[in-house]
Amino acid sequence: MSYERHGGGFSGGGRRRRRDDYDNYEHRREAQESPDQKLKAAIIKFGEVDAEQELPQLAAKLHSQELSSVPAIAEGFRLAVTEQPYKIPSYAALLYDLSIPANNMNHAVGGEDDEPAGFTKPSLGRLILDDFWKGFQAYLDKLAWRETRLCIHFFAHLTVTNLISPQSMLGLLQSFTAVLDEFGVSNGRAKRAARCAVEGLMRACALFLACYSAGRVLKEHSASAVIEMIASVQAYNDSVVAAKWLVHPLANLQFPKIPVDHADEILDCAVAALKTLDLSDFVDVSSIFPQPYASMSTSTIVPFDLPSVLVPPEVIELEVLSTESSGDAPIKKEEWPEYMLSLFDNDVTPDPKSPAGYAVRSDIIDIVEIFEVNRKECARILVEYPKWSVKGTFKPRPGDPTDSPDRIPLLGRDWQLESTLIETILGAQFLLPESPAKPIYYTALITELCKLSPPTVGPAVGKSIRKLYAYCADGLDPEVLRRFAEWFSVHMSNFGFQWVWKEWVPDLALPAQHPKRIFAHRALELEVRLSYYDRVLKTLPQQFQEPSAGAMPDQAPGPTYEYEDPSSPHYDAAQGVLNQLRSRTKPEDVLVYLDTLKNTLSETADVSDDPDTVVRSVTIQSLLHIGARSFSHFLNAVERYLIVLRALSGSPEAKIHVLELVSSFWQRSRQMVGIVFDKLMQYQIVEPADVVAWVFAHNAGGLNWDLLRGAIDKANGRVVVARRRVATLRKEDDDAHARAKANANGGADAAAMEVDAETMHDPQVTQSEDSPQLVSALKAYAAVTREQKSTLARVLEGFIHALRSSSDTARRVITADAWDGHASWTDEEWVAWRTWMWYKHFCRVYSPYLRSFVTTLTVVSFSSLETATDDAAVLLKRIWRMSTGQE
Amino acid sequence: MAAVVTPLDQPSNYKDSQARVDRQKQHDLLQKSTTLYIGNLSFYTTEEQIHDVFSKCANPEDGGGVKRIIMGLDRHTRTPCGFCFVEFYTHAEALASMRYVSGTKLDERIIRCDLDLGYREGRQFGRGKSGGQVRDEHRQDYDPGRGGWGAQAQKLEIERRRQVEERYADVEVGGPVAAGGEEWKQIHAVPVESPLKRGRSPDVEDDSSRQRARVDEDTGRM
């Protein structure tokens with residue numbers, strides 16, 4: 001993998017100026033910082049250099065605070081724990097230190113001096129823990145799952161130090177496994193609750209069992225409780241079958257077959273890791289999680305009993321009763337199992353099914369999620385991650401003082417940091433059906449990592465690309481392939497388009513629709529969009545440059561104006577219209593001109609030419625022609641001639657014809673087709689359902705998922721906008737009514753003396769009346785909701801037709817036998833297979849929308865399949881039912 | 001998550017120096033801004049390239065998308081002069097661009113994004129004396145993506161080139177070439193080419209290599 005060395009280049013003149021401003025800002029901020037803020041900042045920064053050395057100093061500083069500072073200190077701990085999970089063990093050590101009675105002799109915090117005899121002042125640590133717990137309770141109440149889980153990490157470490165009583169910790173974890181037994185628990189809720197329990201167990205379990213071997217009564221109870229919890233998570237995990245199959249990045253069309261290799265699901269990993277720990281009686285724990293407190297003086301501290309908690313139900317789950325048709329249910333996502341692609345061998349990067357591997361993986365994922373707000377800092381923290389993990393987990397960097405030849409690495413570890421980071425980040429980026437953050441975030445994060453350390457990150461990126469490319473041939477989900485090509489192109493755009501295309505030359509012999517060819521074609525197309533044709537062309541070996549290779553077109557993307565050539569039919573008509581548009585004739589006058597033109601055509605033209613069609617073709621193409629110079633030119637042209645466009649696209653057939661004309665005008669630029677379709681929908685020249693119809697009418701060479709997705713998103717997005725507008729107007733209305741009512745009441749008091757009450761305006765009447773704006777907004781909302789439903793129905797129909805009725809190949813490719821022979825598939829088979837996979841993706845990614853119309857859509861789209869028992873019908877129905885939660 | 005690091009989507013010290021609204025109002029506008037100012041573009045970058053990058057931050061399923069792009073133009077020549085405004089439908093998309101796109105490359109230049117108060121007529125034109133952006137007025141480096149030298153330096157450069165071009169305009173093809181006087185002594189004969197070469201093209205190579213160095217340096221400029 002080649003990369004560019006940016007070196008000092010990143011700090012140009014502009015940056016220096018900004019740095020100065022930044023410093024000023026820091027100064028200002030410091031000047032304004034309250035003592036509490038300083039205290040929090042000190043806690044958050046703890047350990048940046050050397051936690052062990054900093055601890056006594058920070059502890060002394062905290063001890064010197066007044067009692068009133070305890071909430072601020074606890075808040076500092078909460079922020080630190082929930083935003084810097086890699087430092088949690090250090091914070092456990094700090095809190096432990098603050099709790100040791102001997103250290104609490106002279107602190108300012110605590111009770112009065114004249115306390116009654118026998119009363120022990122609570123230690124500062126205990127006071128902090130009390131307050132910290134309140135914060136935890138708040139996280140739990142609002143179901144802030146990650147914060148909740150990270151607090152549990154902290155509690156688990158505190159349990160090992162004996163600051164928290166094991167039985168209360170066990171009780172806490174049990175309330176999370178209890179979630180798994182809730183009736184109809186959602187995937188997302190169960191997954192998160194299970195992670196809370198499992199990750200807590202992993203850290204604290206050694207203690208539970210150690211106590212058991214000590215033979216105390218309570219502990220016997222613990223051991224069986226732990227076994228029960230493991231069993232409960234496993235039972236839940238085993239019950240998730242359909243969802244796993246739907247989102248596995250390499251699972252094919254044979255339900256419930258899932259490839260064993262290449263990807264790991266997070267709960268599968270959690271269960272496997274926990275069982276491994278269990279088998280070894282949790283002796284490994286200290287080699288997985290740092291325990292800086294282990295060496296600290298032990299003393300008798302009365303452990304804190306965590307109060308018992310109940311995981312509150314999801315707010316949305318309560319509201320879900322407000323059903324279909326209303327469409328009001330907010331869209332709920334993240335309901336799926338999480339399969340992370342595995343790109344490296346287990347001796348290079350961690351096996352997430354091993355306890356240590358799971359711990360590293362989940363730490364990295366948390367960091368990537370938490371620092372999404374600042375990818376540069378995120379990259380820095382990731383590169384520094386080994387500092388916070390147990391020594392020997394990662395290979396030292398070349399030249400590092402610890403990189404001595406007689407170094408003995410930890411058995412089964414000694415992983416390569418950069419490969420681990422890239423594998424994990426890409427794993428998140430390629431999660432199905434959607435990545436947690438926008439894919440571009442992960443792309444930008446990897447770019448930052450490459451800039452931080454080109455010689456080590458570059459090769460890891462290169463190897464990942466090769467592995468993913470290899471997976472393309474093994475049934476990599478087309479959606480993952482799409483994101484892969486997008487990442488690849490943006491990454492290359494940031495690093496000089498330097499890729500060794502030569503090694504993929506032999507694959508040019510594969511059928512054009514083979515996934516590897518699709519990837520290369522797509523990646524190059526996207527590179528050209530980000531750069532320009534000639535620039536990309538010169539990065540390619542000769543074989544890839546040949547237009548006959550089908551990787552690059554024979555010329556740069558551009559428009560194709562049918563009436564360019566004076567000898568083309570209707571050239572004169574087109575010139576006439578073009579001149580009208582160029583001279584910015586008023587749209588009304590253009591309409592008149594077009595009417596005249598139509599009349600002339602119907603008199604003179606060939607009978608085979610429908611005058612309406614010709615006028616539409618000539619006008620739309622001419623409009624696109626004047627708008628072809630840039631995106632803005634296009635927008636200007638459309639806006640100026642909106643009424644002309646509307647007049648030309650009255651009927652559904654006319655709308656399809658408009659789309660036809662656009663796609664033919666921009667046949668050499670798929671990007672422009674997408675942009676124009678999008679804006680035509682935005683200006684309501686065509687409807688999303690028209691685009692859907694167009695896409696399915698042109699799927700012979702492969703379904704155009706980008707256009708399909710654009711149409712569906714537009715239909716869904718409109719509903720969101722309309723709903724938002726209704727909400728705003730309703731609030732305005734309510735406020736206005738409230739004001740009117742207040743005024744009326746106030747006025748009534750004053751006026752009562754003079755005026756008869758009956759002549760007064762009755763506020764009750766106004767209240768029930770919606771403002772005209774609200775009434776029309778509600779109408780619009782109902783209309784776009786209907787449109788949304790019909791768009792989704794159209795998509796389903798399109799898929800059902802394409803996969804069952806129209807193609808034998810589509811019926812054939814779904815069997816296991818067919819897949820076994822995929823190495824010799826032709827274009828036709830790959831196209832059919834990919835259409836199936838897009839259907840699967842459509843169902844899973846739009847599942848929240850589909851669920852809200854499930855009854856109608858089942859009736860409308862699936863009634864024809866109700867009794868059908870052929871393989872294709874069965875698979876169509878099965879995917880539908882599984883995605884909408886009916887199976 | 002702002003407790004540990006500063007988010008990248010905060011408004012920076014970028015401001016429209018001609019905006020006529022007070023600080024508080026500016027602050028409020030930025031809090032819901034859907035418009036970005038994009039700087040350090042190449043003069044050759046097209047709206048379609050810009051659209052492609054920024055549409056990766058769009059939320060169409062949330063009613064979002066790239067609403068429009070306004071290309072910054074040289075006041076006099078009406079050619080792109082290295083900046084633009086990108087307007088989205090939603091604020092969240094503008095923030096996403098700040099977090100994920102600002103500081104990455106477009107057309108092999110590191111572009112910078114800033115939340116903007118919103119486009120107003122007239123703002124698409126450069127405010128530099130020569131028609132382009134002010135930053136290109138006094139720039140001392142050579143930047144092929146932004147029209148070469150800064151506008152002032154360019155003036156000097158054009159003047160220098162004119163002098164160079166005029167200097168030898170009177171040379172006749174096949175005309176006499178000065179011999180350099182009598183040879184001093186046979187033994188000390190100096191090769192004739194050497195001084196001639198020097199005279200003809202003063203440090204051509206040095207100059208171009210210097211330019212290249214500047215280009216490299218500038219790719220990293222924000």
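Letters A, B, ... are given to chains in the order of the sequence lines, protein chains preceding strands, and every chain is numbered from 1. Predicted model, so just to flag it, every value in this text is computed and none were measured.
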Are the side chain of [X] and the backbone N or O of [Y] linked by a donor-acceptor pair below 3.5 Å?
X	Y	answer
A:Lys376	B:Gly103	no
A:Lys438	B:Ala58	yes
A:Arg375	B:Arg99	yes
B:Gln49	A:Ser531	yes

Checklist outcome for this item: Output for pair (A:Ser632 OG, B:Met71 CE), nearest 0.5 Å, gives 8.0 Å
Checklist entry - Under a 4.0 Å N-O cut-off, is there an ion pair linking A:Arg529 with B:Glu48? => result no
Item to check | Carboxylate-amine/guanidinium proximity below 4.0 Å for B:Glu108 and A:Arg535 | outcome: yes
Next on the checklist: Taking 4.5 Å as the heavy-atom cut-off, does anything in residues 116-132 of chain B contact chain A, and if so which residues?
Outcome noted: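 Hits under 4.5 Å: none found.
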Next on the checklist: Given heavy-atom pairs under 4.5 angstrom as the criterion, report whether the side chain, backbone, both or neither of B:Tyr89 touches chain A.
Outcome noted: side chain
Next on the checklist: Which atoms of A:Ile440 are under 4.5 Å from chain B, going by heavy atoms: the side chain, the backbone, both sets, or neither?
Outcome noted: both
Checklist entry - So what's closer than 4.5 Å to chain B heavy atoms on A:Thr447: side chain, backbone, both or neither? => result neither
Next on the checklist: Is there a side-chain contact between B:Tyr100 and A:Leu445 in this structure, where contact means two heavy atoms from C-beta onward sitting under 4.5 Å apart?
Outcome noted: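 No, every pair of side-chain atoms sits at 4.5 Å or beyond.
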